[in-house]
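Input: a single structure, listed below in structure tokens.
Only heavy atoms go into these numbers, but all of them, side chains included; no hydrogens, no water, no symmetry mates. Each ligand, and each atom within it, is numbered from 1 in the order the structure gives.
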Amino acid sequence: MNNQNYVYLKVEQNGWVMTLTLLREAKLNAMNSAMMAELTDCFRRIHDRSDVRVVILTGSGKAFMAGADIEEYSGFDLGAFFSFQNKGREMYRAIEECPKPVIAAVNGYALGGGFEIVLACDMVVASEKAKFGLPEVNLGLVPGGGGVQKALRAVGPYAAKEMLMTGRFLTAQEGLDLRIINQVTSPDQLLEVATALAQTIAEKAPLAVQGLKKLVNEGRDASLETAQAYDRAYLANLFYSTDAQEGIAAFVEKRPPVFVGK
Ligand code: COA
């Protein structure tokens, strides 16, 4: 699939790790319909690729993504606007339903839909130059891609309401303090740090990693009892997997495991 004639997306693979770079630098990677369709297509293709274990998503230039393309939807009627919003929701769902962990490597502005993408990713590494925000209030709107509810769940009601009602951009350090960023790096080390994190995860047993993504995502909004029942069911299914048997045997035999994703 690599590059698949995408216009707004560069696809590179290095071992188990696939790096996707948004390519609309002159417009701060603002997300138009074509970019959304390419991202959705790309994540759906990654879904079943056994040679891809972890994905990194980053932006070109000074932005990760400055949100949905305001110019594109400025002339829309309500039907067209909602069809545009639905394409965005399909794209966020493709990231969340992709069984492979997705690491956002945030190089600059992650605003509106760009921040909603970050909230759909599984881990976040940010450059010291990154800026995060949901500035839809400045347009007289509210976020349409899940940002309100996801920000609430990620940072709690007080910080979420301040972000949403002021539209203020947060620094990477503030994101770290709010626990929506895993690591902050210098701009020139961003991809190196994201790749090292991806590589560490790629060396683990893929079915266990994929299960952890699903269990955390599904458990977040379930009752504790239900979520723990999901955990137990997944563990029971994993026990006789080739990789679990290999991991247990390798520990007993005091050797490194070799995981094959089965
Ligand atoms: N949609 C469409 N175009 C956008 C865009 C967006 N969300 N964000 C930036 N751009 C375009 C600008 O219109 C400009 O295009 P031009 O050079 O053809 O005029 C180009 O990207 C560069 O942006 P510019 O505003 O000149 O850069 P800046 O460094 O002065 O400001 C921002 C950067 C991010 C503060 C500013 O671009 C901004 O506020 N963008 C909108 C953010 C937003 O509201 N996102 C939520 C959308 S729902």
Would you indicate whether E253, at its atom CD, is surrounded by more than 12 heavy atoms from other residues, nucleotides or ligands within a distance under 6.0 Å?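 More than 12 heavy atoms, drawn from other residues, nucleotides or ligands, come within 6.0 Å of this atom.
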
Could you check whether atom CG of N14 has more than 12 heavy atoms from other residues, nucleotides or ligands sitting under 6.0 Å from it?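 Atom CG in N14 is not packed in, count stays at 12 or less.
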
Is the backbone of V7 close enough, under 3.5 Å, to the side chain of R24 for a donor and an acceptor to pair up by distance?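 Absent.
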
Between [X] and [Y], a side-chain donor and acceptor under 3.5 Å:
X	Y	value
Q173	D177	yes
Q149	R153	yes
D243	S241	no

Assess [X] for proximity to ligand 1: is some non-hydrogen atom of it under 4.0 Å away?
X	answer
A26	yes
Y73	yes
M31	no

What do you think, any protein heavy atom under 4.0 angstrom from [atom]?
atom	value
atom 34 (C) of ligand 1	yes
atom 8 (N) of ligand 1	yes
atom 48 (S) of ligand 1	yes
atom 16 (P) of ligand 1	yes
atom 20 (C) of ligand 1	yes

Does [X] come within less than 4.0 Å of [Y], counting only side-chain N to carboxylate O?
X	Y	answer
K150	E116	no
E246	K262	no
R168	E174	yes

What protein heavy atom lies closest to atom 10 (N) of ligand 1? Include the residue and the distance to one decimal.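 That would be K27 O, 3.9 Å.
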
Atoms of ligand 1 close to [X] [distance to a heavy atom under 4.0 angstrom, numbered from 1]:
X	answer
D69	1 (N), 2 (C)
P135	43 (C), 44 (O), 45 (N)
L111	34 (C), 42 (C)

Measuring from atom 22 (C) of ligand 1, which candidate in I70, N29, L28, N32 has the nearest non-hydrogen atom?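 When every heavy atom of I70, N29, L28, N32 is considered, L28 comes closest to atom 22 (C) of ligand 1.
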
Select the closest option to atom 42 (C) of ligand 1 among A30, G67, A66, judged by heavy-atom distance.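 Selected option, by shortest heavy-atom distance: A66.
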
Taking both backbone and side-chain atoms of G112, is any N or O found less than 3.5 Å from an N or O belonging to ligand 1?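 Between G112 and ligand 1 (N or O atoms, distance only) the closest approach is not under 3.5 Å.
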
Mind checking whether K62 contacts ligand 1 via backbone (N, CA, C, O), side chain (CB onward), both or neither, at a 4.0 Å heavy-atom cut-off?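 Side chain only.
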
